[in-house]
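Values below: every heavy atom of this structure, side chains too, minus hydrogens, waters and symmetry copies. For clarity, every value in this text was computed on a predicted model and none was experimentally measured. Throughout, a chain's letter reflects where its sequence line sits, starting with A, and its residues are numbered from 1.
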Amino acid sequence: MKRTHHCGQLRLTDEGKAVALTGWVHVRRDHGGIVFIDLRDREGLTQVVFDPQYNPGAAEASHALRSEFCVFVEGRVRHRPAGTINTKLPTGEVEVIAHKLEVLNPAETPPFEISDDTLTSEDLRLQYRYLDLRRPAMARNLRLRHQVTMAVRNYFDELGFLDVETPMLFKSTPEGAREYLVPSRLYPGKFYALPQSPQQFKQLLMVAGVERYYQMARCFRDEDLRADRQPEFTQVDVEMSFIDREDIYAVMEGLMKRMWKTALGRDIPTPFPRMTFQDAMNRFGSDKPDTRFAMETVDFTEDFRASQFKVFRGTVEAGGVVKALNAKGFACATQGQIEALTEAAKSFGAKGLAWIKVEGGKWNSPIVKFFNDAEKAALTAKLKIEEGDLILFAADQWGSACEILGRIRLLCAQYLQQTGKLAIPGDRYDFLWVVDFPLLTFDKEQSRWMSSHHPFTAPVEEDAPLLETDTHRVRGKHYDLVLNGSEIGGGSIRIHKPDLQQKIFDVCEIPREIAESRFGYFIKAFRFGTPPHGGIALGFDRIMAVLVGSPSIRDVIAFPKTAKASDLMTQSPGDVTARQLKDLHIRVAGDEAKPA
RNA sequence: GGGGGCGUAGCUCAGCUGGUUAGAGCGCCUGCCUGUCACGCAGGAGGCCGCGGGUUCGAGUCCCGUCGCUCCCGCCA
């Protein structure tokens, strides 16, 4: 048995050829005498005809075919009779008239249709993932992911990067995300951790003189999941020596260009725009702004400093800010939508949500009676208020006010899209570098400074002297790559001198002995001629989800897990035997008597 | 850890303020059918209404709990 062609391959120019095809029965159209089969493999569909006049044996056997039977067919390519050409299929001008049929394996009736048209529930798809992946859309996603992976590898290879594999069995670094732990058999009570990223190894590769490293790196985080977060995921991990931020931007912009060209045939413009963290928060209320639409947030702190409206005045007196945005054309918001926005604002930490509907030439609002003419004039001017607009406010400390209004902005955009008042083209890609993040943020719970990104991020040179005096003003050489309002990558120029590193630990009040036990080997390495270096990691699954136009990264991962981190197909996580636990020196709490 | 949505035939879903024998489309099975491609026609099978408890004369429907899927908040250095 040897197939000669794929099912998406045959054309009119192949007419007369003897061919052999393998594949799955996509649909069967049995006319009693003549039988048509759409034969499917990963490359496409071909119509196979079983005609009793041409070959009675094969025709007889074909009546037994059912959906998803795996079959082998031999026959001859012929052009379809006039009037029976199917213009919807690339192979629609031809058909294969069969003289031999072999059923390689019959199939039970599948639990759901193998089709892109009917959407089956997620749990059933995951339980029978091998069938789900037969659906043309999913097969296409797998293939596109492969093609983009190849583009990434070729790109980095051309630029002289080395693909270096780093260990999966690593050491626990409890500073960051919760880790998956792996118990050690040889060292009772000790554990490895699966890497949440190869961060330290890639920096050590720079110490090792690799100079340019990349890896399609598997990473693991034991945190709660989202549509764009899986417990294990893939990063395009990059690190370079003797560079500064501009080099990273250029290399990554070239990479994105290559990925988009490969996947979509699109030429995306570079360089990408850049925005400071301050600007992003002030204008969009987010450190990953969606710049595909405007609706920017505007500061009104000074305008309401002496306002009659106590909520605003009080916030300003307490050192907070008043911000507002104009949801253009959303005065039509229903009571329910206003309530939903208010609830959302509250869930993000607001005490309430003030609003003004501009309808019939009037400002319809529970709070407008507190506003004087100057305040109204300021609002009108700065927000360009017109008939039909909806104005929304947030008053809080700067960070909170920005974030609350930023979320409200996104929700309004969603509503406006539903009502057709805002249109975002599906093929629009707004890339953006967000830069100048604060190096450290003050953690109220622990009452100490913590790294915004990670503790190896270098400060901007001119800010470094302020580390001890004006800590909050120190900017880090950190950068995030944002696409359409979602973070698809982030990285930084690293600290490469032990004394500066120690200073950061000191400012963060990390005791020397803890720093030593956790990062000692790492800091030590920096005493042996460490080159200046920096890097970035891209969320490859997220990028692929954007490229295939899917809202969830599950659609670009062959075997993903559920929102509760289980695998419905293999039923994992699962039990282990008492013997396994014993070998690993593990006893499960409250479960000692449980038989294996 | 918290909040929202969903769970009814193999699949997708309908089932009103509780009220006879729980429906539809697709799929499946049987028969007929030689140019279909959403093939057609006729007939048929198929239900622990997620699970457990409660309220009630009576529960798919109301209440409590629980499990699963999903979206979001927290979390993700």
Side-chain angles (χ1 to χ4, degrees), chain A residues 26-39 45-54 56 59 62-63 66-68 80-89 91-92 95 97 108-115 117-128 131 173-179 196-197 199-200 219-231 233 340 343-349 403-404 407 410-411 414 439-441 443 445-446 449-457 476 478 487 490 492 504 508 510 518-519 539 551-552 554 561-564 566 568:
Chain A
H26 192 60
V27 282
R28 163 186 67 112
R29 293 177 293 278
D30 187 339
H31 289 245
I34 198 163
V35 175
F36 299 98
I37 296 292
D38 285 342
L39 193 64
L45 289 178
T46 292
Q47 173 164 285
V48 179
V49 189
F50 295 91
D51 188 337
Q53 285 177 355
Y54 181 83
S62 73
H63 291 297
R66 292 295 181 272
S67 285
E68 298 307 312
R80 295 197 187 185
T84 65
I85 285 168
N86 186 345
T87 51
K88 287 183 233 159
L89 284 181
T91 60
E95 62 191 10
I97 178 77
E108 290 179 17
T109 303
F112 51 85
E113 276 182 77
I114 311 301
S115 147
D117 303 328
T118 52
L119 266 194
T120 307
S121 68
E122 190 94 17
D123 51 338
L124 204 67
R125 291 176 56 199
L126 290 177
Q127 197 182 332
Y128 295 92
L131 296 181
T173 53
E175 291 285 303
R178 190 180 300 115
E179 300 164 315
Q196 39 181 300
S197 84
Q199 183 61 38
Q200 295 183 39
C219 306
F220 304 84
R221 291 180 190 173
D222 189 5
E223 296 288 352
D224 286 341
L225 309 183
R226 291 283 190 283
D228 62 353
R229 280 171 16 199
Q230 282 274 306
F233 58 99
E343 280 311 304
K346 282 183 183 167
S347 79
F348 303 137
E403 270 179 50
I404 290 163
R407 309 277 191 143
L410 293 178
L411 276 174
Q414 226 175 306
L439 182 70
L440 301 161
T441 32
D443 185 281
E445 268 178 45
Q446 300 187 45
W449 291 97
M450 307 242 296
S451 294
S452 308
H453 180 47
H454 63 56
F456 316 122
T457 303
H478 171 48
E487 183 196 328
S492 63
I504 299 291
C508 294
I510 297 173
R518 240 168 239 174
F519 307 116
S552 167
R554 288 189 297 272
K561 292 182 175 53
T562 70
K564 286 227 174 85
S566 69
L568 296 177

Next on the checklist: Can you measure A:Glu403 atom CD to B:G74 atom P for me and round it to whole angstrom units?
Outcome noted: 8 Å
Checklist entry - Quick one: does A:Asp51 reach the base of B:G35 with a side-chain donor-acceptor pair under 3.5 Å? => result no
Checklist entry - Looking across every strand, which nucleic acid part, if any, lies under 4.0 Å from A:Gln53 by heavy atom: base, sugar-phosphate, or nothing? => result base
Checklist entry - What does A:Leu124 touch in the nucleic acid at a heavy-atom separation under 4.0 angstrom: a base, only the sugar-phosphate, or nothing? => result sugar-phosphate
Item to check | Distance (rounded to the nearest 0.5 Å) between A:Thr562 OG1 and A:Leu568 CG | outcome: 5.5 Å
Checklist entry - Given the C1' atoms of B:C49 and B:G15, what is the spacing between them in whole Å? => result 10 Å
Checklist entry - Is any side-chain N or O of A:Arg125 closer than 4.0 Å to OP1 or OP2 of B:C11? => result no
Checklist entry - When the P atoms of B:C57 and B:G18 are considered, how many whole Å apart are they? => result 15 Å
Checklist entry - If you measure from the ring centre of A:Phe36 to the centre of the six-membered ring in the base of B:U36, is it under 5.5 Å, with the planes under 30° apart? => result yes
Item to check | Rounded distance (nearest 0.5 Å) linking atom CZ of A:Arg28 with atom CZ of A:Arg66 | outcome: 4.0 Å
Checklist entry - Roughly, in whole Å, what's the span from CG in A:Leu410 to P in B:C73? => result 10 Å
Item to check | A:Ser67/A:Ile114 under side-chain contact (heavy atoms from CB on, under 4.5 Å): CA gap, chis, key distance, verdict | outcome: CA-CA 9 Å; A:Ser67 285; A:Ile114 311 301; over 6 Å; no
Item to check | Spacing of A:Met450 atom CE relative to B:C76 atom P, expressed in whole Å | outcome: 8 Å
Checklist entry - Expressed as a whole number of Å, how far does the C1' atom of B:G60 sit from that of B:G1? => result 32 Å
Item to check | Contact under 4.0 Å: A:Arg29 side-chain N or O vs B:U36 OP1/OP2 | outcome: no
Checklist entry - Does A:Arg80 use its side chain to pair, donor to acceptor, with the backbone of A:Ile85 at less than 3.5 Å? => result no
Checklist entry - Closer than 4.0 Å, any side-chain N/O of A:Lys564 to the OP1 or OP2 of B:C67? => result no
Checklist entry - Looking across every strand, which nucleic acid part, if any, lies under 4.0 Å from A:Gln127 by heavy atom: base, sugar-phosphate, or nothing? => result nothing
Checklist entry - How close or far is atom P of B:U36 from atom CG of A:Leu89, stated in whole angstroms? => result 15 Å
Item to check | Euclidean distance, atom CD1 of residue A:Ile404 to atom C1' of B:C73 [Å, nearest integer] | outcome: 13 Å
Checklist entry - Is the distance from OP1 or OP2 of B:C73 to the nearest side-chain N or O of A:Arg226 less than 4.0 Å? => result yes
Next on the checklist: For B:G68, give the paired nucleotide (Watson-Crick: N1-N3 plus N6-O4 or O6-N4; G-U: N1-O2 and O6-N3; both under 3.5 Å), or none.
Outcome noted: B:C6
Next on the checklist: Students often get this wrong, so: under 4.0 angstrom with heavy atoms, is A:Pro81 touching a base, only sugar-phosphate, or nothing?
Outcome noted: base
Checklist entry - Can you name the nearest heavy-atom pair linking A:Thr441 to A:Trp449, along with the distance? => result C-CE3, 3.5 Å
Checklist entry - Are A:Arg554 and B:C71 close enough that a side-chain N or O sits under 4.0 Å from OP1 or OP2? => result yes
Item to check | Complement of B:G60, any strand, by Watson-Crick or G-U distances under 3.5 angstrom | outcome: none
Next on the checklist: Side chain of A:Val27 only, heavy atoms from C-beta on: which candidate in B:C39, B:C69, B:C73 is closest?
Outcome noted: B:C39
Next on the checklist: Quick test of the criterion, 5.5 Å between centres and less than 30° between planes. Is A:His31 stacked on B:U36 or not?
Outcome noted: no
Next on the checklist: Looking at A:Thr109, I'd like to know whether one of its side-chain N or O atoms comes within less than 4.0 Å of OP1 or OP2 on B:G10.
Outcome noted: no
Checklist entry - Stepwise, does the salt bridge (Lys or Arg N to Asp or Glu O under 4.0 Å) test hold for A:Asp224 with A:Arg229? => result CA-CA 8 Å; A:Asp224 286 341; A:Arg229 280 171 16 199; over 6 Å; no
Item to check | Derivation of the ring-ring contact (aromatic ring centres under 6.0 Å, His included) call for A:Phe50 and A:His63 | outcome: CA-CA 9 Å; A:Phe50 295 91; A:His63 291 297; 9.1 Å; no
Checklist entry - Would you say A:Ser347 reaches B:G74's phosphate, i.e. side-chain N/O to OP1/OP2 under 4.0 Å? => result no
Item to check | Trace of the side-chain contact (heavy atoms from CB on, under 4.5 Å) decision for A:Ser452 with A:Leu439 | outcome: CA-CA 6 Å; A:Ser452 308; A:Leu439 182 70; 5.7 Å; no
Item to check | Between B:C32 and B:U17 - C1' atom distance, rounded Å | outcome: 49 Å
Checklist entry - What integer distance in Å separates A:Gln47:CD from B:C39:C1'? => result 11 Å
Item to check | Whichever of A:Leu126 and A:Ser451 has its nearest RNA chain B nucleotide further upstream toward 5' | outcome: A:Leu126
Checklist outcome for this item: From CD of A:Glu343 across to C1' of B:G4 the rounded distance in Å is 11 Å
Checklist entry - Can you find a side chain N or O atom of A:Arg66 that sits less than 4.0 Å from OP1 or OP2 on B:C29? => result yes
Checklist entry - A:Ile34 has an atom CD1; how far is it from atom C1' of B:C37, in whole Å? => result 12 Å
Checklist entry - For the base of B:C69, is there a side-chain donor-acceptor partner from A:Asp123 under 3.5 Å away? => result no
Checklist entry - Can a side chain N or O of A:Ser121 be found less than 4.0 Å away from OP1 or OP2 on B:U12? => result yes
Next on the checklist: Once you apply a heavy-atom cut-off of 4.0 Å, does A:Asp222 come out as touching a base, just sugar-phosphate, or nothing?
Outcome noted: nothing
Checklist entry - Which part of the nucleic acid, if any, lies within reach of A:Ser566 when heavy atoms closer than 4.0 Å are counted: base, sugar-phosphate only, or nothing? => result sugar-phosphate
Checklist entry - Has the side chain of A:Glu113 got a donor or acceptor that lies under 3.5 Å from a partner of the other kind on the base of B:U12? => result no
Next on the checklist: Can you say whether a donor on the side chain of A:Arg229 sits under 3.5 Å from an acceptor on the base of B:C75, or the other way round?
Outcome noted: yes
